[in-house]
Trainee: 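First the structure, which I've put down as structure tokens, then a few questions once you've had a look.
One-based numbering, in listed order, for ligands and for the atoms of each. For clarity, every value in this text was computed on a predicted model and none was experimentally measured.
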Amino acid sequence: MEVFTRIADLKATINQHKVNGKTIGFVPTMGALHEGHLSLIRTAKEHCDIAVVSIFVNPIQFNNPEDLRTYPRTLEADCEKLETVGCDMVFAPSAEEMYPEPATETYNFGELEAVMEGPQRPGHFAGVATVVHRLFNIVEPKKAFFGEKDFQQLAIIQSLVKQLSLPVEIVPCPIVRADDGLALSSRNMRLSAEARKIAPQIYATLKNSVERSHTANVDEVKKYVIDTLVSLKVFEPEYFEIVNDTTLQPIANWSEARGVVGCIAVWLDGVRLIDVIRFR
Ligand code: PAF
């Protein structure tokens, strides 16, 4: 496995592989890798000859400076994990390498960014789109792999690719959970032992909400999720929305959309966790 910090060096090696007829699969990450990331890389290796992983804590997608400051940075351990799943190339650039000048790109994702994470994290999706667009231009992958836990991010990236006709196929990959149901996230490592013990209640509540959706209306199910988590005293839900899985717009009735998911962001122990559940 080769580790690159310079764009020019990475591009030269990727081009060599392309000349040799190899296909490139790409997994962008911010590091602090866990089993969820590793499953993306295994999938990339199933689809493509060469797996490229970027590790870059992208400063311009953080709207909260404290979140950026405390975001886990574990490059050495990450590289050890990547070796075990057959990753071929790691790209771990500095902020100066990615942004020699302040980024000026602008994007418009319309209604996709007007809900959920959009209003809660101003500038977040512009930062994600900027870095992913730049990384796609650098790596020029045939396919790129994204987890469905960041459901809205996945929709934004699909829109980016469609709007700009980028020559890359986006492959959505299922959420990976711990045995107790907690969706794997780099942020989980910031939870205290006590908070980690109660964190699986997020997914447990979401699963119960699917049961309830057979007899309750959308508003009742939303209220059930928020009330249940609040009653546990340690959770502070930021939002729980039940949305059309394509437009991401909230629905009022179950029959309004063919595909329906519930998306939640909740604070626990000073850590912001997100999760997604499918209703239909
Ligand atoms: O999902 C993430 O880890 C990040 O948002 C991404 C896609 C790597 C862009 O920085």
Trainee: Should you measure from each heavy atom of P28, which atoms of ligand 1 turn up under 4.0 Å away?
Mentor: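 Answer for ligand 1: 8 (C).
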Trainee: For ligand 1, which atoms sit closer than 4.0 Å to a heavy atom of V131?
Mentor: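 Atoms satisfying the 4.0 Å criterion: 9 (C), 10 (O).
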Trainee: Which of the listed options, M98, Q153, M30, holds the heavy atom that is closest to atom 1 (O) of ligand 1?
Mentor: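 Selected option, by shortest heavy-atom distance: Q153.
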Trainee: Salt bridge check, D88 against K45: does any charged N sit closer than 4.0 Å to a carboxylate O?
Mentor: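 Salt bridge between K45 and D88, a charged N being under 4.0 Å from a carboxylate O: yes.
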Trainee: For atom 9 (C) of ligand 1, state which one of K149, H37, Q61 supplies the nearest heavy atom.
Mentor: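 Comparing heavy atoms across K149, H37, Q61, the nearest one to atom 9 (C) of ligand 1 lies in Q61.
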Trainee: Are the charged groups of K18 and D49 less than 4.0 angstrom apart, N to O?
Mentor: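 No, this pair does not count.
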Trainee: R177: which residues meet the side-chain contact (heavy atoms from CB on, under 4.5 Å) condition with it, sequence neighbours left out?
Mentor: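 Once residues adjacent in sequence are excluded, the partners of R177 under the side-chain contact (heavy atoms from CB on, under 4.5 Å) criterion are I175, A183, Y203, D275.
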Trainee: Can you sort out which atoms of ligand 1 are near T29, meaning under 4.0 Å from one of its heavy atoms?
Mentor: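 Counting from 1, the qualifying ligand atoms are 8 (C).
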Trainee: Which distance, rounded to the nearest 0.5 Å, do you find between the NZ of K223 and the CG of N217?
Mentor: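 That separation rounds to 12.0 Å.
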Trainee: Does atom CD of E105 have more than 12 heavy-atom neighbours from other groups under 6.0 Å away?
Mentor: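 Counting neighbours around CD of E105, more than 12 heavy atoms of other residues, nucleotides or ligands fall under 6.0 Å, so yes.
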